[in-house]
There are 2 protein chains.
Amino acid sequence: MRNVDKKDVPAVTVPRLALYLRKLRELRARGVERVSSKDLAAMIELNAAQIRKDFSYFGEFGTRGVGYGVQRLIDEISHCLGLDRSWNVVIVGAGLMGTALARYRGFGEQGFHLVGMFDRSETVIGASYGAGRVRSVAELEEFCRAEKVDIAMVTVPATEAEATIQHLAAIGVRAILNFAPVKVRTDVDVLVRQVDLSSELMSLSFYLDREQG
Amino acid sequence: MRNVDKKDVPAVTVPRLALYLRKLRELRARGVERVSSKDLAAMIELNAAQIRKDFSYFGEFGTRGVGYGVQRLIDEISHCLGLDRSWNVVIVGAGLMGTALARYRGFGEQGFHLVGMFDRSETVIGASYGAGRVRSVAELEEFCRAEKVDIAMVTVPATEAEATIQHLAAIGVRAILNFAPVKVRTDVDVLVRQVDLSSELMSLSFYLDREQG
DNA sequence: GAATGTGAATTTATTCACAGCA
DNA sequence: TGCTGTGAATAAATTCACATTC
């Protein structure tokens with residue numbers, strides 16, 4: 001193990017780890033106990049050396065001549081991704097997208113716990129979203145400190161996204177998943193990842209247009 | 001203009017074009033008529049040469065010593081992305097995510113027209129989603145041919161995603177935006193882009209974990 | 001003088017190919 | 001023998017730096 005600190009892990013490796021993890025869990029569910037980089041590579045249409053190299057940034061997880069233990073690999077990758085703890089998540093913006101996310105069960109299973117939901121509008125504050133009630137954004141600061149919120153999913157309208165993210169950053173929320181189609185600059189150091197559906201559609205449009213001439 | 005056919009445009013350039021387009025529309029809305037690659041680069045925190053090189057795969061859109069006309073650039077990039085036409089889109093899966101997407105106005109403005117929405121479940125078929133009614137997936141094939149559907153957004157449960165995407169591909173839908181957390185292999189040649197929220201959260205987790213040690 | 005467009009240089013990512021070990 | 005782990009080779013993407021044009 002040379003590279004145990006994550007300093008020089010290529011940016012492209014990180015989302016791939018999530019991909020490997022998903023496929024490995026699928027294999028485990030099917031009762032598979034052992035897998036080679038070659039097999040895994042075939043399943044997700046990738047180069048086998050790529051997979052081995054990605055692992056090599058973190059340690060040696062396999063056995064030469066044999067392959068990888070599925071459960072072992074799941075544990076190792078989970079650890080690499082910081083998933084052997086749970087993270088507290090809030091949703092800011094209780095519109096359609098926000099409530100859709102709130103009701104999705106999948107995140108909790110991965111260790112992302114939805115602890116609160118916030119909105120600016122009086123008409124939705126107090127409404128139930130399954131396991132809780134929508135709170136006023138005025139309560140955000142106190143709530144985030146008290147509940148040790150790690151991640152915010154921002155599903156407010158585009159016009160409010162910048163101010164919302166600045167606010168969250170100032171409050172001390174260190175990571176944001178932003179669904180508004182705006183790239184936000186922040187003075188404070190905060191991780192922002194963008195979920196940009198228009199941009200995805202445009203990429204499809206580009207390749208469709210190329211195909212059709 | 002050397003590279004008018006899109007054959008050798010780097011994959012990473014395409015989503016950046018969408019990003020430029022958004023910022024340029026924002027500038028236009030503010031009444032800005034001219035912009036330099038340096039200014040644009042500062043706004044989106046990118047290298048200016050990167051922007052110029054991205055454009056250079058398609059042609060020469062600027063004026064030396066002067067810069068770029070905002071409207072001209074919007075038109076050129078729209079053309080590059082295949083956005084000077086409209087695309088017909090369906091949503092398959094009328095759950096929370098599907099209906100949230102259906103009600104979002106933003107796509108229509110970009111030339112992506114929602115023409116239909118489908119589900120397997122009898123309990124939601126016939127329900128209204130704003131501009132139409134949910135149809136049975138049994139009608140998919142006929143509908144897609146009649147309405148010349150270009151793109152499907154797939155928001156069915158993970159367990160049904162693979163079969164749904166195979167079906168859409170067989171029917172002749174050439175591009176899919178998949179919200180289910182499964183990477184799908186298809187025999188037929190179809191463009192699939194993945195919107196993977198768990199994976200995004202895991203990436204945030206990775207970097208958060210690194211910060212906190 | 002100012003900013004584009006682009007070869008060349010650099011950096012980053014992927015793939016090859018093989019030594020090392022079960 | 002079979003598959004990992006990894007330096008070396010290759011490919012891709014980014015950035016530099018400057019000739020070119022307004």
Side-chain angles (χ1 to χ4, degrees), chain A residues 1-4 6-20 24 27 32-77 80 203 206, chain B residues 1-4 6-20 24 27 32-77 80 203 206:
Chain A
M1 282 198 212
R2 280 136 293 94
N3 245 329
V4 181
K6 302 171 182 176
K7 282 250 168 67
D8 36 12
V9 176
V12 284
T13 288
V14 180
R16 276 201 300 261
L17 291 177
L19 192 67
Y20 303 152
L24 287 163
L27 289 174
V32 178
E33 292 185 352
R34 195 164 275 164
V35 71
S36 71
S37 61
K38 192 182 153 206
D39 295 344
L40 198 54
M43 286 182 248
I44 55 189
E45 289 171 299
L46 225 69
N47 184 293
Q50 176 89 85
I51 295 178
R52 297 198 301 273
K53 180 135 290 188
D54 282 338
F55 295 162
S56 79
Y57 298 117
F58 300 94
E60 306 194 358
F61 303 152
T63 310
R64 292 169 192 225
V66 179
Y68 300 93
V70 170
Q71 184 58 57
R72 161 90 193 278
L73 214 40
I74 289 172
D75 294 341
E76 295 284 5
I77 297 175
C80 296
S203 292
F206 173 86
Chain B
M1 282 197 214
R2 281 135 291 94
N3 244 330
V4 182
K6 302 173 184 177
K7 283 250 169 70
D8 37 12
V9 176
V12 283
T13 288
V14 179
R16 276 202 300 262
L17 290 177
L19 191 68
Y20 304 152
L24 287 162
L27 289 174
V32 178
E33 292 185 352
R34 194 165 275 166
V35 72
S36 70
S37 61
K38 194 182 151 206
D39 295 343
L40 197 55
M43 285 182 248
I44 54 189
E45 289 170 297
L46 223 69
N47 183 294
Q50 176 89 84
I51 295 177
R52 297 199 300 275
K53 180 134 291 188
D54 282 340
F55 295 162
S56 79
Y57 299 116
F58 301 94
E60 304 193 0
F61 303 152
T63 311
R64 290 167 194 227
V66 179
Y68 300 93
V70 170
Q71 184 59 57
R72 162 89 194 277
L73 213 40
I74 289 172
D75 294 341
E76 295 285 5
I77 296 176
C80 295
S203 292
F206 173 87

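Side chains are part of it too, since the values below use all heavy atoms of this structure and drop only hydrogens, waters and symmetry mates. Chain letters run A, B, ... following the sequence lines, proteins first and then strands; every chain starts at 1.
Nearest heavy-atom pair across A:I51 and A:S37 is CD1-O, 3.9 Å. Listed here is the closest heavy atom pair of A:C80 and A:L17: CB-CD1, 4.3 Å.
One can place CD of A:E76 at 15 Å from C1' of D:dG5, the figure rounded to the nearest angstrom. One interatomic measurement links the two molecules: CZ of A:R34 to C1' of D:dC3, which rounds to 12 Å at whole-angstrom precision. Atom P of nucleotide C:dT12 and atom OH of A:Y57 are separated by 12 Å, given to the nearest angstrom. Atom pair A:K38:NZ and C:dT15:P shows a separation of 17 Å (rounding to whole Å applied). Atom CZ of B:R72 and atom P of C:dA3 are 18 Å apart (whole Å).
Listed pair B:Y68 / C:dG5 meets the phosphate criterion, a side-chain N or O lying under 4.0 Å from OP1 or OP2.
When each of A:V35, A:D39, A:I74 is tested with A:L27 by the rule side-chain contact (heavy atoms from CB on, under 4.5 Å), just one qualifies, namely A:V35.
You'll find that the side chain of A:E60 is closest to D:dG5, out of D:dT4, C:dA3, D:dG5.
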Polar atoms only, N or O, under 3.5 Å: list the protein pairs with nucleotides 19-22 of chain C and their distances.
residue: C:dG20; atom: N3; partner: A:R64; partner atom: NH1; Å: 3.4
residue: C:dA22; atom: O4'; partner: A:R64; partner atom: O; Å: 3.3

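Residue B:S37 is in sugar-phosphate contact alone, with no base atom involved, counting any heavy-atom pair closer than 4.0 Å across all strands shown. Contact annotation for A:R16: backbone-only contact, meaning every heavy-atom pair under 4.0 Å involves sugar-phosphate atoms and none involves a base.
By the 4.5 Å heavy-atom criterion applied to side chains, B:Y57 and B:P10 are counted as neighbours.
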Chi angles and distances behind the side chain to side chain contact (heavy atoms under 4.5 Å, CB included) call for B:F58, B:I77: CA-CA 9 Å; B:F58 301 94; B:I77 296 176; over 6 Å; no

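Contacts with DNA chain D (heavy atom under 4.0 Å) in residues 39-54 of chain B: B:N47, B:A49, B:Q50, B:R52, B:K53, listed by number.
Relative orientation of the A:Y68 and A:F55 rings is perpendicular, given thresholds of 30° and 60° on the angle between their planes.
Within 6.0 Å of CD on B:E33 lie no more than 12 heavy atoms contributed by other residues, nucleotides or ligands. Dense packing is recorded around CZ of A:R16, with more than 12 heavy atoms of other residues, nucleotides or ligands lying under 6.0 Å away.
With values rounded to the nearest 0.5 angstrom, B:T63 atom OG1 is found 7.5 Å from B:R72 atom CZ.
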